[in-house]
Amino acid sequence: MRCMGDTWITNLTHFLTEAGEIGPKSGPARKLAEYLTKIVVDATTEPWDQPTNTPVRCRRRPRRKPCAGVIETDIDPDTDAIMWWCPVCGDNGTITNWQESRWDRTTDVQSQ
Ligand SMILES: [Zn+2]
């Protein structure tokens, strides 16, 4: 991946309480945490499971207008980190330690 500015490297557990809930109650940290958990759901939902796979809109507001991009996701086969990027503005990042969080849908596939 080419470097296109800031890359958000986030460890999901930093945003969670010991009970696995989103830690921050309000403010930018809460918004970021909710954004990241949506990306985790998106990245771990099978493509055929479309009804629960809601697109994640880009959170950036270049020139004070909401970016029209829809976040795309992939899972790095080597590190298992979730990679996400906005194809419109190039905002991108990785999420680690998402496994077995309540937003990890990979384990639902067998149980449902
Ligand atoms: Zn964007």
Side-chain angles (χ1 to χ4, degrees):
M1 186 188 294
R2 279 180 303 136
C3 181
M4 300 173 73
D6 292 339
T7 297
W8 297 80
I9 297 172
T10 45
N11 177 339
L12 189 65
T13 56
H14 290 176
F15 295 90
L16 306 181
T17 65
E18 282 182 22
E21 314 267 359
I22 291 177
K25 294 279 188 282
S26 61
R30 171 85 193 190
K31 284 217 168 67
L32 179 60
E34 290 180 343
Y35 184 64
L36 296 174
T37 57
K38 276 192 232 170
I39 289 171
V40 172
V41 171
D42 189 60
T44 57
T45 305
E46 294 292 328
W48 42 260
D49 200 13
Q50 287 296 330
T52 60
N53 195 357
T54 48
V56 182
R57 304 303 300 257
C58 179
R59 64 196 282 273
R60 290 188 70 191
R61 296 174 63 86
R63 298 190 206 97
R64 300 208 184 105
K65 284 182 152 181
C67 175
V70 174
I71 298 299
E72 297 188 15
T73 58
D74 207 351
I75 297 178
D76 188 314
D78 294 327
T79 64
D80 266 355
I82 290 174
M83 303 178 293
W84 59 268
W85 65 96
C86 172
V88 175
C89 71
D91 196 25
N92 67 92
T94 61
I95 305 172
T96 59
N97 286 74
W98 53 270
Q99 294 91 340
E100 293 174 26
S101 70
R102 67 183 54 192
W103 300 275
D104 174 4
R105 295 290 183 265
T106 58
T107 53
D108 291 354
V109 176
Q110 286 84 15
S111 61
Q112 287 180 2

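Remember, it's a predicted structure, so these values are computed and weren't measured experimentally.
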Side-chain heavy atoms under 4.5 angstrom apart, residues restricted to Ile, Leu, Val, Met, Phe, Trp, Tyr: same cluster for Val88 and Tyr35?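 No: no chain of side-chain contacts under 4.5 Å links Val88 to Tyr35.
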Between [atom1] on residue [X] and [atom2] on residue [Y], distance to nearest 0.5 Å:
| X | Y | atom1 | atom2 | answer |
| --- | --- | --- | --- | --- |
| Thr44 | Ile39 | OG1 | CD1 | 11.5 Å |
| Met83 | Thr7 | CE | OG1 | 12.0 Å |
| Thr45 | Arg105 | OG1 | CZ | 6.0 Å |

Within the 4.5 Å heavy-atom criterion, are [X] and [Y] side-chain neighbours or not?
| X | Y | result |
| --- | --- | --- |
| Leu12 | Val40 | yes |
| Leu32 | Arg59 | yes |
| Trp8 | Ile95 | no |

Report the residues that fulfil side chain to side chain contact (heavy atoms under 4.5 Å, CB included) with Ser26, sequence neighbours left out, ordered by chain and then residue number.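 Side chain to side chain contact (heavy atoms under 4.5 Å, CB included) check on Ser26 returns nothing, list empty.
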Taking only residues two or more places apart in sequence, or in another chain, which ones meet Arg30 in a side chain to side chain contact (heavy atoms under 4.5 Å, CB included)?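 By the side chain to side chain contact (heavy atoms under 4.5 Å, CB included) rule, Arg30 matches Ile22, Pro24, Glu34.
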Donor-acceptor under 3.5 Å (Asn92 side chain, Gly90 main chain):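 Yes, because the side chain of Asn92 sits within donor-acceptor range (under 3.5 Å) of the backbone of Gly90.
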So, does Thr10 use its side chain to make a donor-acceptor pair with the main chain of Thr94 at under 3.5 Å?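 Answer holds: yes.
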Is there a side chain to side chain donor-acceptor pair (under 3.5 Å) between Asp80 and Trp98? Walk through the geometry before answering. CA-CA 9 Å; Asp80 266 355; Trp98 53 270; over 6 Å; no
Shortest non-hydrogen separation from Arg102 to Ala19 and the atoms involved: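 That would be NH2-O, 3.5 Å.
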Show which side-chain atoms of residues 66-74 pair as donor or acceptor with protein atoms under 3.5 Å away, not counting sequence neighbours.
from, atom 1, to, atom 2, distance (Å)
Thr73, OG1, Asp42, OD2, 3.4

